[in-house]
Protein chains: 2
Amino acid sequence: MTKVNIKKIPPGRLKITRSLKTLLGEKDFNSITTAEIAKTAGVTEGLIYKYFADKRDLLFKVLLELFEQFLLQMGKDLKGVEGSLNKLRSIMQTTLSWYDRQRVFTRILLVEVRNSPDFFKSEAYQQCVRNYSRIIMDIIHEGMDHGEIRKDIKPSVIRQVIQGSIEHVCLPAIIFHREIEVEPATEDLCRTIFMGIQQS
Amino acid sequence: MTKVNIKKIPPGRLKITRSLKTLLGEKDFNSITTAEIAKTAGVTEGLIYKYFADKRDLLFKVLLELFEQFLLQMGKDLKGVEGSLNKLRSIMQTTLSWYDRQRVFTRILLVEVRNSPDFFKSEAYQQCVRNYSRIIMDIIHEGMDHGEIRKDIKPSVIRQVIQGSIEHVCLPAIIFHREIEVEPATEDLCRTIFMGIQQS
DNA sequence: TCGATTAAGTAAGTGTTACTCACTTATTTA
DNA sequence: TAAATAAGTGAGTAACACTTACTTAATCGA
């Protein structure tokens, strides 16, 4: 259903998404003009609106594309991992590592789309972000069933702590173009979230 | 230094910030026009640019104003609280409660300013956000010195976990106009962050 | 293989909107 | 009270996202 339509993507459309991805490596979305996108792509401005509802919709489509690659990687890294906590660690590490290397993707996800109310209706959100969240939720439930994770906290809050922590660790790195130290950060995050900050 | 200049705020300027605050209760920042702000304020569009560098700068100034009130409240709630972990709990509860009731403030902070690179140069960021972060950092260091908080995690990561968790718990509530259940959420957050999710 | 239908791509707009600037009116202050 | 400064105006503009009527290329059934 989703992958069948690969056969016929018009070259112009490809050029446009590729162009935006390139430009997002240089400047932020708001200061990229549609004229610029078209010029870099080597097409006319009008063509953008043949394939995308508006400028933001184009952004969402680019995010969708990059997010699918990310989920693919996460699936690979998760294979063969045993134990709920280990699975959560794997997800955290993959995420941090991907965020560190895929700056364009991460900037779109963490800073560019947030203020668009209709992002939350977009495919990128509805299939990718929710899918990512669901995977984490399933692991948490599994962990509770197996006695690995305590049951006296709402699973959704645990999920939010995990996701929120990751985002907040990465945000300054993305904004100020700093490197993310994947392994140490993963270790710190896991130690905090798994065992708590309280001296025991 | 900061409070001395209260004496002479031009009425037009006050009308403008008040106008934006009102409008932000109805719609998101991007779909509010400068013409609209001026009309609601009862002034001309040009006056906005007498007091503010641009539309976003106006937003930053409004955030600054609201953030100062928030920090004041936090200081009050923190008075008389003993113990580092209790202080952190107090901050979390105050934050969640404020986020729940001050929707305009929270929406600006969590969704509207993020994508402006120059937000991070603004007064709102430089004095308020950093101040908020510093207060948390100080408590963490104090907690480590007093043996309340373990020393084998980077303090900055602990801070990021706390702030990130709060934001991620509140974000859906803000976006989808849902209520934040302050006490239960605080409890869940503290239990997670203080003691960890691992069944022991 | 032709003719017709659909898809890809173009070129020249247009309305909206953030922002400017030269100006007027009101308020201090010496 | 006159000069100087601050508050406020209003008409205008450039830039930009987006539209529309059109042309060119590809697809496909008969």
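Model, not experiment: these values are computed from the prediction. Every chain is numbered from 1, with letters handed out A, B, ... down the list of sequences. Atom set for the values below is all heavy atoms of this structure, side chains included, hydrogens, waters and symmetry mates excluded.
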*Asks:* Measure the distance from CZ on Arg13(A) to C1' on dA7(C) and round it to the nearest whole Å.
*Replies:*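 To the nearest whole Å, that distance equals 14 Å.
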
*Asks:* So Tyr51(B), base contact, sugar-phosphate only, or nothing? Heavy-atom distance under 4.0 Å.
*Replies:*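 If one applies the 4.0 Å heavy-atom cut-off, Tyr51(B) turns out to touch the sugar-phosphate alone, with no base involved.
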
*Asks:* Hey, could you give me the CZ/CD distance between Phe105(A) and Glu112(A), rounded to the nearest 0.5 Å?
*Replies:*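 Between atom CZ of Phe105(A) and atom CD of Glu112(A) there are 13.5 Å.
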
*Asks:* Just checking Glu181(A): does its CD atom have more than 12 heavy atoms from other residues, nucleotides or ligands closer to it than 6.0 angstrom?
*Replies:*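 Not buried by this count: 12 neighbours or fewer within 6.0 Å.
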
*Asks:* When you check the gap from the basic side-chain N to the acidic O, do Arg150(B) and Asp152(B) get nearer than 4.0 Å?
*Replies:*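 A salt bridge is present here (some side-chain N lies under 4.0 Å from a carboxylate O).
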
*Asks:* Name every residue in residues 115-122 of chain A that has at least one heavy atom under 4.0 Å from any atom of DNA chain D, in order of residue number, or write none if there are no such residues.
*Replies:*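 Nothing qualifies; none.
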
*Asks:* May I ask you to decide if Ile180(B)'s main-chain N or O and Asp100(B)'s side chain share a donor-acceptor pair within less than 3.5 Å?
*Replies:*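 A pair under 3.5 Å: yes.
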
*Asks:* Answer yes or no: is there an ion pair linking Glu65(A) with Arg18(A), defined by an N-O contact shorter than 4.0 Å?
*Replies:*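 A salt bridge is absent here (no side-chain N lies under 4.0 Å from a carboxylate O).
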
*Asks:* One thing to verify: whether Glu82(A) and Lys87(A) come together as a salt bridge, which I'm taking to mean a side-chain N less than 4.0 angstrom from a carboxylate O.
*Replies:*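 No, this pair does not count.
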
*Asks:* So where does chain A start and stop touching DNA chain D, 5' to 3', when the test is distance under 4.0 Å to a non-hydrogen atom?
*Replies:*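 So the contact region on DNA chain D extends dC16(D) to dT27(D).
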
*Asks:* Between Lys39(B) and Glu45(B), is the closest basic N to carboxylate O distance under 4.0 Å?
*Replies:*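 Salt bridge between Glu45(B) and Lys39(B), a charged N being under 4.0 Å from a carboxylate O: no.
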
*Asks:* Atom NZ of residue position Lys55(A) - does it have more than 12 heavy atoms of other residues, nucleotides or ligands inside 6.0 Å?
*Replies:*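 Enclosed: over 12 neighbouring heavy atoms sit under 6.0 Å from NZ of Lys55(A).
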
*Asks:* So, Phe120(A) versus Phe176(B), ring centres under 6.0 angstrom or not?
*Replies:*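 Yes, the ring of Phe120(A) comes within the 6.0 Å limit of the ring of Phe176(B), centre to centre.
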
*Asks:* Tell me, for nucleotides 16-30 of chain C in 5' to 3' order, what letter each nucleotide earns: B for a base near a protein heavy atom under 4.0 Å, S for only sugar-phosphate near one, - for neither?
*Replies:* -SBBB-------S--

*Asks:* Take Tyr51(B) and Thr17(B) through the test side-chain hydrogen bond (donor to acceptor under 3.5 Å, both in side chains) and record every step on the way to the result.
*Replies:* CA-CA 10 Å; Tyr51(B) 298 119; Thr17(B) 50; over 6 Å; no

